[in-house]
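Naming convention: chains lettered A, B, ... in sequence-line order (proteins, then strands); numbering from 1 in each chain. Computed from a prediction, not measured in an experiment: that's the story for all the values here.
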Number of protein chains: 2
Amino acid sequence: MTGAGRPAPAPAAAWRDFPPLALAPPLAGALQAFVELGYHGATIRDIARRAGLSVPGVYHHFPSKQHLLVALLDLTMDDLLTRSRQARAQGDGPVERFSRVVECLALFHMHRRDLGFIGASEMRSVAEPARSRIAATRTEQQRMVDDEVEEGCRRGLFRAPHPHEAARAVVTLCTALPQWWSPSGPQSAELVAREYVDFSLDLVRAAR
Amino acid sequence: MTGAGRPAPAPAAAWRDFPPLALAPPLAGALQAFVELGYHGATIRDIARRAGLSVPGVYHHFPSKQHLLVALLDLTMDDLLTRSRQARAQGDGPVERFSRVVECLALFHMHRRDLGFIGASEMRSVAEPARSRIAATRTEQQRMVDDEVEEGCRRGLFRAPHPHEAARAVVTLCTALPQWWSPSGPQSAELVAREYVDFSLDLVRAAR
DNA sequence: GAGACGACCGATCGATCGATCGGTTGCGAG
DNA sequence: CTCGCAACCGATCGATCGATCGGTCGTCTC
């Protein structure tokens, strides 16, 4: 499945490339239903209808409704972490690394808006032990921003009085993007992402 | 019920005063259950148990589960709007008015964390026409910040390149506070509120 | 062309959901 | 003492939930 096609023509900015998301029908149906109704509000019949399947048709591919949610969240965090690591690896110095990770976070939460939305809103519906595992990857994502802010402060490039709080504010801004940004709105994802990099540089009081 | 007791000794900063929230038992139970499980995940039996009542005991006071949610959201927006108007009325000039409204928003989402949390997360579970009504009050709250930012930019006190976007970012930061702030954490609500006023002044690029 | 198997579906399971019914209790007014 | 009513409760309603059962259909193998 993975590894087919795509000769990876521009690996330099693969983290900025968001091809149309191709999910298996049950996952795509579950994603839509969870976004509109929430995990508990969505029914298996709902999901099956959106997937163009019967109820047993869904259960043929996934053993339970809970597994659908976990699969979506795993897929989300895998993609986000991979992109963030690429984005950071490309940056030179804390300011550039910070800026690219923020841009990546913002782009992801707009181009993968639905995934980002349930990633932020449905964690409480995930049963253990999956919850702890996924929460750990979210912590790792947060720490990636934390580290750059702290390093920037140490080198005098940022002047945030409370680096940790500023980093949390930056991540919060990006993860909240799916709540209001829409592809049919007036602003493109790329424009907003640049704007949010500026916002984030303001929040950490980067030297201008 | 309201209007009893409290001789209003310090009306000057009533919007900064957060006495322990005294909700009717079914509302308090519903609030806890909604926060922990979400609207659809919470059952009437859950709510009744937390309220120390039987199921019909809950229905004696509220006609449906939906009414419990709407009552909580109405109560939330009433309190928040009242406080915000007081906070703004006290300020002199756009900078001070902006700062006070942000402080009010931040304080509310920490001292009334649970209410603020479901206010942000359970809007999609509200049926029409209540949803439109409550959404309108949230728009009014947003506009209150919008207006001050725009006025500040017009007078040259703020230098936000995109005032509307900056205002949305400010509100987003405050409404996300219930997601991570905890009264048992290391920082007091008042400290964080001051910090968030600073963050917000950074976001609108207030002259320092 | 026989057999195995993946990909489904109609029918239905027990459990649980939100909501309701017909009571019982306690208290304040007359 | 009795009436009226607010404040409940045990039992139960029909509907719907997540999940499962046994079966069908097409395709691929040998």
Inset, instruction - Could you verify whether a donor N or O on one side chain and an acceptor N or O on the other, from B/Ser125 and B/Glu122, lie under 3.5 Å apart? - result: yes

Legend entry - A/Ser132 and A/Glu128: side chain donor to acceptor below 3.5 Å: yes

Legend entry - All pairs passing ring pair (Phe, Tyr, Trp, His ring centres under 6.0 Å) where residues 38-67 of chain B contributes a residue, at least two apart: B/Phe34-B/Tyr39

Legend entry - Pairwise distance CD1(A/Ile44) to CZ(A/Arg49) - rounded to 0.5 angstrom: 13.0 Å

Inset, instruction - Under 4.0 Å from any atom of DNA chain C, heavy atoms only: list the residues of residues 65-75 of chain A that qualify, in numerical order. - result: none

Inset, instruction - May I ask you to list the residues of residues 22-40 of chain A, by number, that have any heavy atom positioned under 4.0 Å from an atom of DNA chain C? - result: none

Inset, instruction - Quick one: label A/Ala42 by what it contacts on the DNA or RNA (base, sugar-phosphate, nothing), any heavy atom closer than 4.0 Å. - result: sugar-phosphate

Inset, instruction - Remember a base hit wins even if backbone is also touched, and classify B/Ala51 as base, sugar-phosphate or nothing at under 4.0 Å, heavy atoms. - result: nothing

Inset, instruction - Answer yes or no: is there a side-chain heavy-atom contact under 4.5 Å between B/Gln32 and B/Asp46? - result: no

Legend entry - Flag side-chain contact, heavy atom, 4.5 Å: B/Val58 against B/Leu68: yes

My understanding is that only residues two or more places apart in sequence, or in another chain, count here; which of them pass side-chain hydrogen bond (donor to acceptor under 3.5 Å, both in side chains) with [X]?
X	answer
B/Arg112	none
B/Ser84	B/Gln141
A/Arg143	none

Legend entry - Distance under 6.0 Å and angle within 45° of ring axis: B/Arg16 vs B/Phe108: no

Under 3.5 Å, sequence neighbours excluded: what are the donor-acceptor pairs made by side chains of residues 183-197 of chain A?
{"residue": "A/Ser184", "atom": "OG", "partner": "A/Ser182", "partner atom": "OG", "Å": "2.8"}
{"residue": "A/Ser188", "atom": "OG", "partner": "A/Leu191", "partner atom": "N", "Å": "3.1"}
{"residue": "A/Glu190", "atom": "OE2", "partner": "A/His111", "partner atom": "NE2", "Å": "2.9"}

Legend entry - salt bridge (charged side-chain N to carboxylate O under 4.0 Å, His left out) partners of residues 29-43 of chain B, not counting sequence neighbours, each pair once: B/Glu36-B/Arg50

Inset, instruction - Output all residues satisfying salt bridge (charged side-chain N to carboxylate O under 4.0 Å, His left out) with B/Arg85, sequence neighbours left out; order by chain, then residue number. - result: B/Glu140

Legend entry - Where B/Phe117 and B/Gln179 come nearest, the two heavy atoms and their spacing: CE1-CG, 4.2 Å

Inset, instruction - Measure from the side-chain N and O atoms of A/Arg83 to the backbone N and O of A/Asp17, and report whether any donor-acceptor pair falls under 3.5 Å. - result: yes

Inset, instruction - Provide the start and end nucleotides, 5' to 3', of the part of DNA chain C that has atoms under 4.0 Å from heavy atoms of chain B. - result: C/dC17 to C/dC21

Any protein N or O atoms within reach of nucleotides 7-9 of chain D? Criterion: under 3.5 Å, listing atom names and distances.
{"residue": "D/dA7", "atom": "OP2", "partner": "B/His60", "partner atom": "NE2", "Å": "3.4"}
{"residue": "D/dC8", "atom": "OP2", "partner": "B/His61", "partner atom": "NE2", "Å": "3.2"}
{"residue": "D/dC9", "atom": "OP2", "partner": "B/Ser54", "partner atom": "N", "Å": "2.5"}
{"residue": "D/dC9", "atom": "OP2", "partner": "B/Ser54", "partner atom": "OG", "Å": "2.5"}
{"residue": "D/dC9", "atom": "O5'", "partner": "B/Ser54", "partner atom": "OG", "Å": "3.3"}

List every contact pair, protein side and nucleotides 23-27 of chain D side both N or O, where the distance is under 3.5 Å.
none

